[in-house]
Protein chains: 2
Amino acid sequence: MARPRTPLLSRERIVAAALRLIDDEGLDALSTRRLATELSVSGPSLYNHFATKDELLDAVVDSVIGEVDLSMFSTDSASGTSGTSGSAGGVGITWQEALRDWARSYRAALAAHPNIVPVLAQGPGRRPNALRLADAVFGHLVESGWPRGQATRIGALMRYFVTGSALASFAAGFPADAEVYDAADYPHLGEAHRLAGHRGTVDEGAFETGLEALLDGLALRYARLA
Amino acid sequence: MARPRTPLLSRERIVAAALRLIDDEGLDALSTRRLATELSVSGPSLYNHFATKDELLDAVVDSVIGEVDLSMFSTDSASGTSGTSGSAGGVGITWQEALRDWARSYRAALAAHPNIVPVLAQGPGRRPNALRLADAVFGHLVESGWPRGQATRIGALMRYFVTGSALASFAAGFPADAEVYDAADYPHLGEAHRLAGHRGTVDEGAFETGLEALLDGLALRYARLA
DNA sequence: ACCTGAACACCGTTCAAGT
DNA sequence: ACCTGAACACCGTTCAAGT
């Protein structure tokens, strides 16, 4: 025991095991003792790698944010609404196309780990990947011609929508038990017990509808700028 | 001690004290022992009124949802896009106006208690006020002419946006410490340290911009229905 | 019915001790 | 430098005991 010649732990291994635990059993299941057991070490060992549990959680969160694709923003000069189309790549796409691709990647990364979204939604804090994300979105919108104040608001409202959509499944929030929906109390929810069974398509459809509506609404405002 | 002739506790008193604790010190500060101390009783006393801490939390959540105004949906027959305007009241307003008024009330209720939003966002479950809310929104959209599948999606996407906006302040998520934003790493965030100082207006502006964009985008789709 | 104290299996974190 | 066991002040919950 005591110090082994090759370390048993590393920040990477700890973060990976913590994320697995959170995904599988929820945020409450992440205890330092439980995590240590999962890694076959004793509880206090973790404190050689992270000062506190919060610092560990911060690292987990930033590893998730690091999965978000930002390549659509790395264009030399952002083009306006009337650019050549083609939704992939990184050059010559409109801000709407960039925002749409980014929102999908953002949601996919978060929805893969819904249990950690409440932590992540608190904002970038001092986490490098989260700050890089905010920088890329804001920078791209400003270079596309949005005034800085508007660009800030768009970054915010997109985060509202994406974190909200990844925080929890809408469909799964309705119990599959038909007896819950008493017609006298909830006259329009007679079919709500079927929602949970179509979880994936309902949530996907709602996200896509909302995303397109949002982009259309923003395009209306963009047209009024000039 | 033992049983007093007039009960020391009630579900209402417990819920109110729990919400106060969550608002003031966060979800983690709500422990049964701490809450009991706040109410001048011993820890196990709470179990005479709630079977588990989760059941107590459910009651707290539903009390918050109960604050959301749903009166804009209680109109005899919902009117279409071309109704007489006037954004208050409850009769003869368009679905857009109803949705806008509801979204503002919904956000206000949630934003007053941001620390409990992660719990609340899990869905209505079996909570009566949450089910009433879902019923009112869905019913109104269907009566306004939206197909049921679309109405479900709109209910979902509105919840995404509202819960996302109430979960955490966008502006407050950026540290006020200017040294965080190294120009080499984050070339566009030079002013981000000022965000936290304008917390209220930034988040309010983002919410209103997103809400109007969403409603405009949905109106485009509504027009295509007929 | 409604409160209490004692007890159980848990927490995050500190610290002295080992190599 | 990196791990350990013991210890501290906490948790949620159960239960027997009181009125």
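A, B, ... follow the sequence lines: proteins, then strands. Residue 1 opens every chain.
- By the salt bridge (Lys or Arg N to Asp or Glu O under 4.0 Å) test, Glu67(A) is found to be paired with no residue, residues two or more places apart in sequence or in another chain being considered.
- Distance CZ (Arg5(B)) to P (dT19(D)): 14 Å, rounded to an integer number of Å.
- Within residues 8-20 of chain A, the residues that have a heavy atom under 4.0 Å from DNA chain D are, in order of number, Leu8(A), Leu9(A).
- Of the residues in residues 25-45 of chain A, Arg33(A), Val41(A), Ser42(A), Pro44(A), Ser45(A) come within less than 4.0 Å of DNA chain D through at least one heavy atom, sorted by number.
- Within the structure, salt bridge (charged side-chain N to carboxylate O under 4.0 Å, His left out) pairs that include any residue of residues 47-65 of chain A comprise Arg11(A)-Glu55(A), Asp58(A)-Arg127(A) (at least two apart or interchain).
- Near DNA chain D, meaning a heavy atom under 4.0 Å from it, residues 47-59 of chain B has Tyr47(B), Thr52(B), Lys53(B) in order of number.
- Judged as a salt bridge (Lys or Arg N to Asp or Glu O under 4.0 Å), and not counting sequence neighbours, the contacts of Asp177(A) are Arg126(B).
- Scored by the side chain to side chain contact (heavy atoms under 4.5 Å, CB included) test, Glu191(B) finds Arg148(A), Arg194(B) as partners (sequence neighbours excluded).
- The shortest heavy-atom contact between Trp95(B) and Leu141(B) is CE3-CD2, 4.4 Å.
- Checked against ring-ring contact (aromatic ring centres under 6.0 Å, His included), Tyr160(A) has no partners two or more places apart in sequence or in another chain.
- Considering every non-hydrogen atom in both Ala17(A) and Leu39(A), the closest pair reads CB-CD2, 3.7 Å.
- Residues satisfying the salt bridge (Lys or Arg N to Asp or Glu O under 4.0 Å) test with Glu38(A), not counting sequence neighbours, are Arg34(A).
- Ring-plane geometry between Tyr181(B) and His193(B) is classed as tilted, the angle between the planes lying from 30 to 60 degrees on a 0 to 90 degree scale.
- Residues forming a side chain to side chain donor-acceptor pair (under 3.5 Å) with Tyr106(A) (at least two apart in sequence, or on another chain): none.
- Here Ser45(B) pairs with Ser42(B) under the side chain to side chain donor-acceptor pair (under 3.5 Å) rule; sequence neighbours left out.
- Considering only heavy atoms from C-beta on, Leu214(A) stays 4.5 Å or farther from Leu157(B) through its side chain.
- In secondary-structure terms, DNA chain C builds stems of at least 3 consecutive Watson-Crick or G-U pairs, each pair having both distances under 3.5 Å, at C:4-8 with D:12-16, C:12-16 with D:4-8.
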